[in-house]
Amino acid sequence: MRVAVLSGAGISAESGLKTFRDSDGLWENHRVEDVATPQAFRRNPELVLRFYNERRRAVLQAQPNEGHREIARWEARHSVRVVTQNIDDLHERAGSTSVLHLHGSILEGRSSKDPDLVFPWTGDMRLGDLAPDGTQVRPNVVWFGEPVPRMEAAIEAVEGCDALVVVGTSLQVYPAAMLTQFAPPHARLVLVDPRPPAHPPKGCLVIAEKASIGLPRAAELLGL
Ligand code: APR
């Protein structure tokens, strides 16, 4: 079976990484507009770099959880493509081999000018650190208001699936939230979330459980 997975912050919650919308619209005590927009980076680059330095350290200390591992196990018998909105590398560390990061990676830096000039970056990032083109380095993450360059590849992954598993995302952020609409008519849709969205995608079976419990159930239901 060809399985597509659309994951969000919730799959990493059991690894100790906070989700975005579970805490009154604040993300680690910051309003998203103050840290995750190009305007914020222009206005206060130090704050933005410091914020992402903290996120990067947390990711490096976190370990994949049973939810990530369950998805990785499906690869033994199925073709699995993970599309994640997460900037952490926990799917990869759990063993998934096809992971598309729709919103970039916290473990990469990029040029402030050229979105294609991307390189590994695992340490803190400071004002004055330069990309190879001489511009200030910034995290390779997609901020609000910026284009989502991998959207087409993500659509392809969903279009080509027989089953789509949506896990740990509030489906509030576009264009990622649109992806479920690209599942082919024959595909079965399952959503795993302890507090599922009020209006889940049409035809979607909802498992209202956290990822570590809900994903094995989804596998059972889908015969994975
Ligand atoms: N298992 C599964 N889901 C969980 C768990 C868990 N253990 N804990 C929480 N959740 C669910 C929440 O109920 C919520 O529906 O995860 C979802 C997280 O939603 P958001 O915080 O909105 O995260 P996400 O959908 O990934 O956000 C999308 O928004 O801030 C931007 O770019 C950022 O990629 C991010 C995007």
Side-chain angles (χ1 to χ4, degrees), residues 5-41 48 51-52 54-56 58-59 62-71 82-91 94 99-108 110 115 138-151 154 158 164-180 189-201 204-219:
V5 176
L6 172 62
S7 72
I11 191 156
S12 296
E14 291 168 77
S15 295
L17 301 177
K18 290 229 176 82
T19 64
F20 305 97
R21 293 178 185 79
D22 277 330
S23 46
D24 298 332
L26 289 185
W27 183 17
E28 300 281 359
N29 303 320
H30 293 279
R31 293 184 326 155
V32 160
E33 317 75 87
D34 291 338
V35 287
T37 61
Q39 293 81 352
F41 190 54
V48 173
F51 175 77
Y52 283 98
E54 287 164 16
R55 303 285 71 70
R56 191 181 303 100
V59 164
Q63 298 300 326
N65 65 57
E66 218 19 60
H68 299 105
R69 283 194 286 272
E70 173 66 18
I71 292 168
V82 179
V83 176
T84 187
Q85 297 166 80
N86 299 345
I87 57 176
D88 67 54
D89 64 342
L90 297 180
H91 279 298
V99 185
L100 186 155
H101 286 272
L102 210 50
H103 295 159
S105 164
I106 187 65
L107 301 175
E108 290 173 345
R110 59 156 266 208
R138 58 163 271 188
N140 183 33
V141 300
V142 175
W143 285 326
F144 285 93
E146 293 188 318
V148 179
R150 315 276 333 262
M151 193 58 191
V158 174
L164 173 64
V165 178
V166 179
V167 54
T169 172
S170 60
L171 293 174
Q172 284 188 31
V173 170
Y174 285 80
M178 272 168 39
L179 277 170
T180 59
L189 266 63
V190 180
L191 183 146
V192 176
D193 194 308
R195 287 171 297 281
H199 303 289
C204 194
L205 192 110
V206 174
I207 302 176
E209 293 283 359
K210 56 187 185 174
S212 60
I213 307 281
L215 286 170
R217 271 196 209 159

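What you are looking at is a predicted structure, and each value in this text was computed from that prediction instead of being measured. Just so you know, ligand 1 is whichever comes first in the structure, and atom 1 is the first atom listed for that ligand. FYI, the numbering just counts along the sequence from 1.
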Identify the closest protein heavy atom to [atom]: which residue and atom is it, and at what distance?
| atom | value |
| --- | --- |
| atom 27 (O) of ligand 1 | Arg21 NH1, 3.1 Å |
| atom 9 (C) of ligand 1 | Asp22 OD2, 3.4 Å |
| atom 31 (C) of ligand 1 | Phe144 CZ, 3.5 Å |
| atom 8 (N) of ligand 1 | Ala13 CB, 3.7 Å |
| atom 22 (O) of ligand 1 | Ser170 OG, 2.5 Å |
| atom 25 (O) of ligand 1 | Thr169 OG1, 2.7 Å |
| atom 28 (C) of ligand 1 | Gln85 OE1, 3.2 Å |
| atom 1 (N) of ligand 1 | Ala211 N, 2.9 Å |

- Query: Between His68 and His91, how do the two ring planes meet: parallel, tilted or perpendicular, split at 30° and 60°?
  - Reply: perpendicular
Output yes when the distance from some N or O of ligand 1 to some N or O of [X] is under 3.5 Å, and no in every other case.
| X | value |
| --- | --- |
| Gly168 | yes |
| Glu209 | no |
| Phe20 | yes |

- Message: If we check side-chain contact (heavy atoms from CB on, under 4.5 Å) with Ile11, which of these qualifies: Val167, Leu90, Val82?
- Response: Val167
- From atom 5 (C) of ligand 1, work out which of Gly214, Ala9, Gly10, Ser7 has a heavy atom at the shortest distance. Gly10
- Message: Which option wins on minimum heavy-atom distance to atom 4 (C) of ligand 1: Pro194, Ser15, Ala208?
- Response: Pro194
I'd like to know if the side chain of [X] pairs up with that of [Y] as donor and acceptor (distance under 3.5 Å, no hydrogens or angles considered).
| X | Y | answer |
| --- | --- | --- |
| Thr84 | His103 | no |
| Ser15 | Asn65 | yes |
| Ser212 | Glu70 | no |

- Task: Take Glu146 and Arg138, measure what salt bridge (Lys or Arg N to Asp or Glu O under 4.0 Å) needs, and give me the verdict at the end.
- Result: CA-CA 14 Å; Glu146 293 188 318; Arg138 58 163 271 188; 2.9 Å; yes
- Check side-chain contact (heavy atoms from CB on, under 4.5 Å) between Pro115 and all other residues, then give those that pass, not counting sequence neighbours. Arg110
- If you look at every heavy atom in Arg69 and Pro64, which pair is closest and at what distance? NH1-O, 3.2 Å
- Which pair of non-hydrogen atoms, one from Ala211 and one from Val192, has the smallest distance, and what is that distance? CA-CG1, 4.1 Å
- Task: Would you please determine whether His103 falls within less than 4.0 Å of ligand 1 on a heavy-atom basis?
- Result: yes
- Looking at ligand 1, does Asp193 have a heavy atom less than 4.0 Å from it? yes
- Take Leu6 and Val158 through the test side-chain contact (heavy atoms from CB on, under 4.5 Å) and record every step on the way to the result. CA-CA 9 Å; Leu6 172 62; Val158 174; 6.0 Å; no
- Classify the contact between Val173 and ligand 1 as side chain, backbone, both or neither, using a heavy-atom distance cut-off of under 4.0 Å. side chain
- Query: Short list, please: which atoms of ligand 1 are under 4.0 Å from a heavy atom of Gly8?
  - Reply: 26 (O)
- Stacked cation flag Arg55 on Phe51, 6.0 angstrom / 45 deg: yes
